[in-house]
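These figures come from a predicted structure and were not determined experimentally.
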Amino acid sequence: MSDTKNDTNSGVEALTGFSFQRNSAIFLVLENYDILVGSEFFICIEHHDDVIFAELNNSNEISKIKAYQAKKSTSEWVLGKNLAEILAKMTKVGSDLASDEISKDSNYSQDLIFLTNKSIRLNCGSRKKEQKFSEIIRENNVFVCYTNLHGNIQDNILKKINEFSFENQQLKNIHFKYIDIANTDKSQRNQLTGMLSDVFQDKISDPNAALNLLLKLFREVETVYNQGNKSKLLDISKRVYSKDIFKAIDVICSKAKAFKLWRENAKELSKLLQIPISKSSNYAEYLNDCFDYFKDLKQVEFQKIYHFVADNRDVDDSSYSHADCIKKLSERFTRDHQTQLNKTLISFAIVAAYVETRNKI
């Protein structure tokens with residue numbers, strides 16, 4: 001954010017600059033997934049700073065903000081003019097966040113984090129005088145607070161950023177973070193796919209498809225222009241909510257469970273539901289389509305099947321296998337409801353809805 005506040009859309013206009021910020025945001029979610037599950041937050045890309053993580057309390061007020069200035073590099077960062085200017089900008093962002101009119105918790109706090117994929121060397125002094133102090137943020141020292149730096153290094157940072165306009169009271173909120181992620185978008189995506197596999201293991205069957213679903217959430221907001229060329233946290237069009245992230249992950253996991261259920265019961269289900277071989281062999285395509293239709297409220301017929309399967313849990317009590325239960329649901333739905341969908345789509349929609357509504361599968 002510049003001092004004149006007239007460039008809040010500059011990043012939006014440079015779409016190629018988004019990939020590192022977007023991929024870094026997903027990296028941070030996956031890195032902290034176990035901690036984040038069940039919490040309420042939203043993420044903004046290119047809003048005030050490059051990436052905003054806003055944690056919410058039970059009253060939907062912001063309790064904490066982590067504002068990441070995400071910069072990739074091909075070489076080590078040193079405390080020169082470039083880094084000093086970035087840090088000065090971060091303090092201005094911190095001041096803007098503190099004064100933003102959005103509702104905040106009485107114990108609100110904020111961290112301003114310089115995030116990069118290369119090491120950061122913060123030095124001061126001279127070896128000749130035997131008074132050199134150094135702090136290196138890298139693989140074995142990934143997170144460092146400004147307030148924990150040696151006093152001489154803090155003084156050197158202050159000296160460097162004095163060349164720019166900055167907010168002195170925000171220095172205490174400055175942090176430095178290293179993440180082990182590649183430089184190119186393709187390599188970053190490969191790493192994120194690997195992280196998805198590590199975090200969820202056999203709960204997802206297609207890590208690439210899972211990543212694409214998460215990327216889609218961020219792409220829908222990252223090119224939204226700031227209204228009036230001003231960044232405001234109240235602008236909900238710039239947010240990706242935690243509930244949407246977790247919902248996307250739930251869908252990803254449900255797809256994997258549905259594929260597994262079909263593979264393990266394909267012969268029995270095909271016979272019970274009277275699905276011909278020519279159709280059953282394309283089970284992945286049918287199931288994927290059903291999960292997508294469940295998310296679209298305009299797909300009334302699929303919504304009808306989903307809610308029917310969710311509401312008719314009494315069938316579970318008289319069934320002795322998943323296939324038996326799905327068959328009974330199919331028979332009851334056909335008996336009690338009329339639909340424009342063909343029999344094959346109805347069958348696969350019931351399988352997909354069954355997996356998504358039964359937690360024990």
Side-chain angles (χ1 to χ4, degrees), residues 196-197 200-217 220 243-361:
L196 280 163
S197 296
F200 298 103
Q201 299 181 5
D202 61 351
K203 292 181 180 179
I204 58 174
S205 58
D206 188 345
N208 284 314
L211 177 59
N212 287 332
L213 190 56
L214 291 175
L215 288 170
K216 183 181 178 183
L217 288 176
E220 290 174 352
K243 63 181 178 63
D244 294 322
I245 294 173
F246 297 140
K247 184 177 180 180
I249 291 172
D250 286 343
V251 170
I252 293 164
C253 294
S254 293
K255 285 184 179 182
K257 289 191 289 185
F259 294 160
K260 183 180 179 182
L261 176 67
W262 185 267
R263 287 194 300 267
E264 292 177 349
N265 301 274
K267 186 175 180 179
E268 186 179 5
L269 282 170
S270 294
K271 186 175 181 179
L272 291 173
L273 302 175
Q274 296 183 326
I275 300 175
I277 295 174
S278 60
K279 304 292 185 182
S280 64
S281 60
N282 294 322
Y283 72 91
E285 181 180 348
Y286 280 109
L287 289 171
N288 267 323
D289 287 345
C290 290
F291 281 111
D292 289 339
Y293 292 144
F294 289 158
K295 293 184 293 181
D296 185 353
L297 296 179
K298 295 179 181 179
Q299 296 291 337
V300 178
E301 298 300 315
F302 285 91
Q303 296 297 319
K304 183 194 299 183
I305 293 174
Y306 182 89
H307 291 296
F308 169 83
V309 173
D311 294 339
N312 284 263
R313 295 176 183 271
D314 61 292
V315 175
D316 301 18
D317 297 328
S318 60
S319 302
Y320 299 95
S321 69
H322 294 310
D324 183 31
C325 193
I326 290 169
K327 176 178 179 291
K328 290 176 180 177
L329 286 167
S330 178
E331 291 173 342
R332 184 182 290 186
F333 181 82
T334 302
R335 184 192 70 206
D336 298 344
H337 296 274
Q338 291 183 339
T339 178
Q340 297 176 354
L341 301 179
N342 62 54
K343 185 174 179 59
T344 299
L345 269 178
I346 294 172
S347 298
F348 279 111
I350 288 175
V351 171
Y354 179 76
V355 169
E356 195 160 298
T357 57
R358 268 60 169 182
N359 295 327
K360 294 182 179 180
I361 295 179

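- Interatomic distance, CG of Asn282 versus CG of Leu287, reported as 11.0 Å (0.5 Å rounding).
- Here Asp316 pairs with Arg358 under the side chain to side chain donor-acceptor pair (under 3.5 Å) rule; sequence neighbours left out.
- Evaluation of the side-chain contact (heavy atoms from CB on, under 4.5 Å) rule for Asp317 yields no partner, not counting sequence neighbours.
- Residues Ile326 and Leu269 are in side-chain contact: their nearest non-hydrogen atoms beyond the backbone lie under 4.5 Å apart.
- Between Phe294 and Gln299, the closest side-chain pair of non-hydrogen atoms is not below 4.5 Å.
- The distance from atom NZ of Lys257 to atom CG of Asp250, rounded to the nearest 0.5 Å, is 8.0 Å.
- With rounding to the nearest 0.5 angstrom, the OG atom of Ser347 is 4.0 Å from the CD1 atom of Ile275.
- Nearest heavy-atom pair, Phe259 versus Ala284, reported as atom, atom and distance to 0.1 Å: CE2-CA, 3.7 Å.
- For the side-chain hydrogen bond (donor to acceptor under 3.5 Å, both in side chains) condition, no pair includes a residue of residues 263-279, sequence neighbours left out.
- Between Ser254 and Val355, the shortest heavy-atom contact is O-CG1, 3.4 Å.
- Within the 4.5 Å cutoff, side-chain heavy atoms of Leu261 are placed close to those of Tyr354.
- Residues forming a ring pair (Phe, Tyr, Trp, His ring centres under 6.0 Å) with Phe302 (at least two apart in sequence, or on another chain): Tyr293.
- To the nearest 0.5 Å, atom SG of residue Cys290 and atom CD1 of residue Ile305 are 7.5 Å apart.
- Taking Lys295 as the reference, Leu213, Val251, Asp292 meet the side-chain contact (heavy atoms from CB on, under 4.5 Å) condition, with sequence neighbours excluded.
- When the salt bridge (Lys or Arg N to Asp or Glu O under 4.0 Å) test is applied to Lys343, no partner is found at least two apart in sequence or on another chain.
- Residues Asn312 and Leu329 approach most closely at O-CD2, 3.7 Å, considering heavy atoms.
- Residues meeting the salt bridge (Lys or Arg N to Asp or Glu O under 4.0 Å) test with Asp311, sequence neighbours left out: none.
- Checked against salt bridge (Lys or Arg N to Asp or Glu O under 4.0 Å), Lys304 has the following partners two or more places apart in sequence or in another chain: Glu301.
- Partners of Arg332 by salt bridge (Lys or Arg N to Asp or Glu O under 4.0 Å), not counting sequence neighbours, listed by chain and number: Asp314.
- Not counting sequence neighbours, the partners of Ser319 by the side-chain contact (heavy atoms from CB on, under 4.5 Å) test are Val315, Asp324, Cys325, Lys328.
- Remark: Phe348 CZ to Leu341 CG distance equals 13.5 Å, nearest 0.5 Å.
- Salt bridge annotation for Glu331-Arg335: absent, with no cationic side-chain nitrogen under 4.0 angstrom from a carboxylate oxygen.
- Checked against ring pair (Phe, Tyr, Trp, His ring centres under 6.0 Å), His337 has the following partners two or more places apart in sequence or in another chain: Phe308, Phe333.
- We find the OH-CG distance between Tyr286 and Asp289 to be 9.0 Å, quoted to the nearest 0.5 Å.
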Next on the checklist: The test is side-chain contact (heavy atoms from CB on, under 4.5 Å); show your working for Ile249 and Leu214 and say whether it passes.
Outcome noted: CA-CA 8 Å; Ile249 291 172; Leu214 291 175; 4.2 Å; yes
Pair up each side-chain donor or acceptor in residues 201-209 with any protein partner under 3.5 Å, not counting sequence neighbours, and list the distances.
unit_1	atom_1	unit_2	atom_2	d
Asp206	OD1	Asn208	N	3.2
Asp206	OD1	Ala209	N	3.2
Asn208	OD1	Thr193	OG1	3.3

